[in-house]
Each structure stands twice: as C-alpha cells, then as structure tokens.
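Residue numbering restarts at 1 for every chain, and letters A, B, ... go by the order of the sequence lines.
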Protein chains: 2
Amino acid sequence: MSGLRKLSLSLAVAALVLGGLPWGASGGSMLAARAETASPPAATKTSDRMPSDAQAADPLPSWRDGRTKQAILDFVARVTKQGGPDYVPPAERIAVFDNDGTLWAEKPVYFQAQFALDEIARKAKENPALARQEPYRSVLAKDLKALAADNHKGLLQALAVTHANMTTEEFASRVQNWLKTARHPVTKRPYTEMVYQPQLELLALLDKAGFRTFIVSGGGVEFMRAFADKVYGVPPERVVGSSGVVTFRMGKNGKPELYKTAKVEFVDDGPGKPVGINRFIGRRPILAFGNSDGDLQMLQYVTGGPGPRLGLLVHHTDGAREWAYDRKSPVGRLDKALDEAPARGWTVVDMKQDWKEVYPPAP
Amino acid sequence: MSGLRKLSLSLAVAALVLGGLPWGASGGSMLAARAETASPPAATKTSDRMPSDAQAADPLPSWRDGRTKQAILDFVARVTKQGGPDYVPPAERIAVFDNDGTLWAEKPVYFQAQFALDEIARKAKENPALARQEPYRSVLAKDLKALAADNHKGLLQALAVTHANMTTEEFASRVQNWLKTARHPVTKRPYTEMVYQPQLELLALLDKAGFRTFIVSGGGVEFMRAFADKVYGVPPERVVGSSGVVTFRMGKNGKPELYKTAKVEFVDDGPGKPVGINRFIGRRPILAFGNSDGDLQMLQYVTGGPGPRLGLLVHHTDGAREWAYDRKSPVGRLDKALDEAPARGWTVVDMKQDWKEVYPPAP
C-alpha cells in the first residue's frame, strides 16, 4: 500500500468517525450542537405505545400502513412462500443494514465521533497534564484548524488515542462504559435509545421469517459490536464495519491478547460495502437497507442479483421528531442514491410519513 | 503497506497455496506424487459403515472409545448443562476448525495447490499458445528453479492466473467444476471425499448442541466457500480464510460485480488466525481444532480465555489409511504446537488410534 493510499484510507476513516463535527466556520457549542431542524422527539402517549388487539397481529406496528410498509410485508411473504415463484431458501435469506442513520440516528454528529470527543475529555480530566498536549489541546479548544493542519495529523491522532493502543477487550469496555453514562446532546437520551423503533420491529420480523440480518456500516466494527447484540439482537459475527489493524501478542500477564493499532485496514463505505459483504458474508444478500450515498454501491450490488430483491433507503424527512436532511448534509448525505432509487426500484422510506414512532418508548 | 511487506505477504500466500509442491531436488511426477508413507485407504466393509442399534445412539461412531472421544463428549456435556458450573449460553458456543489437515487431507500437496496446477494445465490445453508463455511453461515443465527466480515471480504469476482477474462468481464456478472432475492422485477419490468422517460427525454433534462452527484456515476464503456448505454444512458466512483484494465495479453487462485482483490482502495463518477470528467472528471461540503449527496461536488464543475451553490437534499418525507426518513435513508441520500441547491441556488426536474410520464411505 502506498503512503498516499494509506493516508487517504486514514483520512477516510477519520472522516467517517470524526466527520460532520459541528466545527465549521460558524463555530458553536460542540456538545450542545443542534442540527438545523432538530428538535427533541415529541412525548409519546403511553396509549400510543401499547398495541391494541388489532395491532398485536401487526409485526410492524410502528410503520404506518401504506405503500412502503406493504412493499416490505409483500417481499417477506413472497420469499418465504414455499412453492411460490419467488421462494428463497432460508440459507439465502440474508439482509444487510447500514447502521448510522438507518438503525440509529447520526445527528448532530456520528455517535462514534461523540464517543471520541467524550473520551478525550474524560482522559484529560483524569490526567490534566494531557490537556496541554496534542491532540487533546486542540480537541478541547475545538481548534479545527490546528487539527486539520499537516495533513489532518491532529484528527488522526484524536482517532488513535481513543481507538488504538489498547486491547480489543479494553476498547469494548470503554465503549460500554461510555454508552452507560453518555447522553445525546439534543434529546438527552442514552445513545442506545436513539435507535429507530420501526427498524427494531423489522429486524425482529426478518429474524422470525428465517432471515439472517447483518449490519454493514462505515462505522468501526469494534465500536458497533460493543452494543449491537444487546440493542439490535445482531451478534458480533454478523457485524461488518471499518477496522484498524489488530495484532496478536502475549500480554504482560502471559495471556494471549489482541491489540488495536492506529493503522487503518479496511473502510467499509461506498464501494467498500459490497467488498465487505463478499469478504465477511460470502454471498449476495437479498435485502439491503441504507440511508445515504455511502450505501449506493451496496444497494446496487444487492438489488443487481437475480431473483427477488428489496432495496430500501431511509429518507430523513422528519425535522420535528428527528432531523430533516438529504442532499446537502455533511453527515449521511443522500443525493445520488435518491436519484437512482426510482430507476432501480428501491423503496424510499419517508420517515415523517411512514413511521408512526421514531424511537422506542423510554424504558 | 511497504513493497517489502507486500511481497512477503504475497509469498506467504504463495507458500500457503502452492506450498509443499513435490518439486524438490528429487523431482518425481507431480500428479502422481505420493508422500513418503501414503497409501490408499483400505476398503471399508459396508457392514462397518451401517450403524447398529447400539451405535445409533453414539453421536461419534467413527471415533474409537477412549480418552480423546471422552474429552470431546465431556466438554460438550459440560457447556450445555443448564445450571451447571461450566454452562455456556448458546450465543457463545463458537467452535473454530482449521481446514487443511484438520477437516480434509492435505497430502501430497494442499488441494488448493493441486487446483492451481490443474487449472494451468486446463487453460494451456484450451489455448495451446499459453504453453509457451510464463508461468504456464515453467509449471508444465515442473521447472521450480524458473518459478522461484526473481523473487518467486513465476509462483506468484501462477497464483494470479488461477485465482485472480476474474469475478468472484467465475472463480467459484471454476472451483466447483474442478471438484466435479478432479481426482486425488493417490486415492483416486474426488477431493470432496477426502474429508474426515470423524470430523463430519463432530461438526454435526456441535451443531446439534447449539454451537456455531466456523472454518478458520490459511486456505483461500473464496476457494473454501465454493464447497464448505455442501461438504461440511458450514455456510459461506462462517468461513474465514486468506484473501486477495476484491474490487467492486460495473460489469460489461451493466451489472455490478466483484472482481478478484492478484493483490494479497490477508493471510489467515499463524498469528493471523486469532486476528481473523477477531475480525470475522468478533468474539473468542470456546473450542479450536487444528493440526499444525499454523494453528498454534489460534489454540493459544481460544484456550487462553476464561471458562471452559477445549483445544484439539489432529496428529497424523496413520501411514496406512492416511499419511504419517509431523515435525518435519513441509505441509502441515506439527512441531511447536505438539510441544505446547501437554502444558496447555490440549487434546492430541492420534489418528491411527482414535479414528475408527478416516474417510466417509464412497457414496
């Protein structure tokens, strides 16, 4: 791999992980940043949440009746109907879901970016001497110019100090600790409650229908695995994501361990998604769900195969309950994929119209 | 990645794929090569194969009663006993198996190497002009010196012309076509019948006991996926192996496709095995089965975790029914791992003693 290629890979990951930070020309508070149209989700009446008898039979109660919901239910019915023309054996019922913006929210910044920022703040608090060093100083001062200087050296350092130079087990426990206490800057809910209730229902429906659901995301694979099983019911072996180089070594205690380095290994975004699907899953899924141009090639690949296929895109249209953004958003830009959707027969989910609920009820 | 690192990775894969070719100083026929102690498996009486009523209750009828078989049965009983001190929830019951020499034979050369040789012969037959070009000329002439010259340029070319510059689908169909017609040079059986019957029974037993079995092998992942589901019942998403870089592109027919390049991406051998386990599975298995020093770190990692663990090694001791080799074999060398086995509590399977049958009965 050339130095240039290495750098561009590193920057791609930095952009994925730290991208969309609200550190633009306008400045503004990092932690309290709000996207242009964001507002906390409206309080949900308990009565809305409790399924009536009629709803109990509905596997997708948080999806409003309409063409979108029907497209999903029809597809599942067709591929599971034994003897039908579109029957797909269970082994081939593979469904892939993007994570950020598809299974959970991604505003005002990718949650993994927020984790990196919070970790830097936590470490500087524990060890105040750090605050005078880079990249801590620049991150704490929100000095984007300094972080971007010298080929984004500071940004890459920020990624390294929060995601590398520790064992995979240490990293997982840091993510889990963060998830326990961190709150979303806008909704004040734990990040694990910023998942989309309609998608949880869809994952459960597919599971029941004999599908194996995978996450295929540009986010870090070790980051997602720290919560995907508990939150989505998707076990670690069904999470595909971007990764850094991990090395095997004998730890100080004489026990073998896996150590995370800062070297980028794989960027699971854009054309990397079908590549990741091939590498990790080894066969072409029949259903793909994304929300941004980073999912374009994944949808092309999945729906480009023979037999029944379903391509879906979440269109973030709900500025009241969530955020409204598409072609111009630095995070989760949906532009080319939105243009291609009609010709390729992809179903575009209008969040405002199609989702009765956005988030799960508070526990 | 530095040029040197790239080369050494490429050579590692060439060694894995083409390694152990019987092209040493002694020369000898390539296709009819026999390892030192090899002999065709003895004919098996039909009556031996049909389980009696007593055997029907035995999940491992091809394993002879004894300490090895008991260690396996005890382990499975302990981790599945609800409420017992060693109970492991189904989600964590992950078992990893090496392939060459553990699930199927690897003599006289790795079967994937034989595939490469046969493919070169097939292509040269289809297009005789190729026979005058490299690497075809040197392979057909068994000119190891020419293939090794200039940093093994010829060997890497041989790997490239048989494993790259085609879509993943084309490659899978070439492997499948080869498996249909190719016969093992010694036993004259299809390669897919050179699998170990006791291991097929163990895979089935683990599956029944709620385990998810994975293959974790130095062999090429696309090569193994072409038959693992059919032969072992291990689906593509549970096969981890070495891989080359695959790129996404739009094919000539306007359909998206995945194209195999000759660039090496990942070598799933030695310390690469625990790294591959982390990358693809995302959690530490509780059972690992290997047969060579290439499995050393995998066994260290798997048995180095807390709770009940089982490490197993096939020791190829059966020169009559299979092959007898260990510390000095260029293919499947078992030396360091054999030394470490007693201290680490790994169970060493003595093929001659422990396996009542080696191969499945002819269909």
*Write down the atom of Pro236(A), the atom of Gly282(B), and the distance for their closest heavy-atom approach.*
CB-O, 3.8 Å
*Is it the side chain or the backbone of Glu257(B) that comes within 4.5 Å of chain A heavy atoms, both, or neither?*
neither
*Mind checking whether Gln300(A) and Met250(B) have side chains closer than 4.5 Å, heavy atoms only?*
yes
*Among Leu258(A), Val240(A), Val246(A), which has the most heavy-atom pairs under 4.5 Å with chain B?*
Leu258(A)
*chain A contact via Ile281(B) - side chain, backbone, both or neither, heavy atoms under 4.5 Å*: both
*Of the backbone (N, CA, C, O) and the side chain (C-beta and beyond), which part of Arg238(B) lies under 4.5 Å from a heavy atom of chain A, both, or neither?*
neither
_Separation of Phe266(B) CZ from Glu265(A) CD (nearest 0.5 Å)_ = 7.5 Å
*Examine whether an atom of Arg284(B) lies under 4.5 Å from a heavy atom of chain A, and if so say whether it belongs to the side chain, the backbone or both; otherwise answer neither.*
side chain
*If every non-hydrogen atom of Tyr301(B) is compared with every non-hydrogen atom of Pro256(A), which pair is closest and at what distance?*
CA-CG, 3.9 Å
*In Å, rounded to the nearest 0.5 Å, how long is the span from CG of Asn278(B) to CD of Glu169(A)?*
9.5 Å
*Heavy-atom distance under 4.5 Å between the side chains of Val275(B) and Thr247(A), does that happen here?*
no
*asked:* Below 4.5 Å, heavy-atom pairs only: which of Gln297(B), Arg279(B), Lys255(B) has the largest tally toward chain A?
replied: Arg279(B)
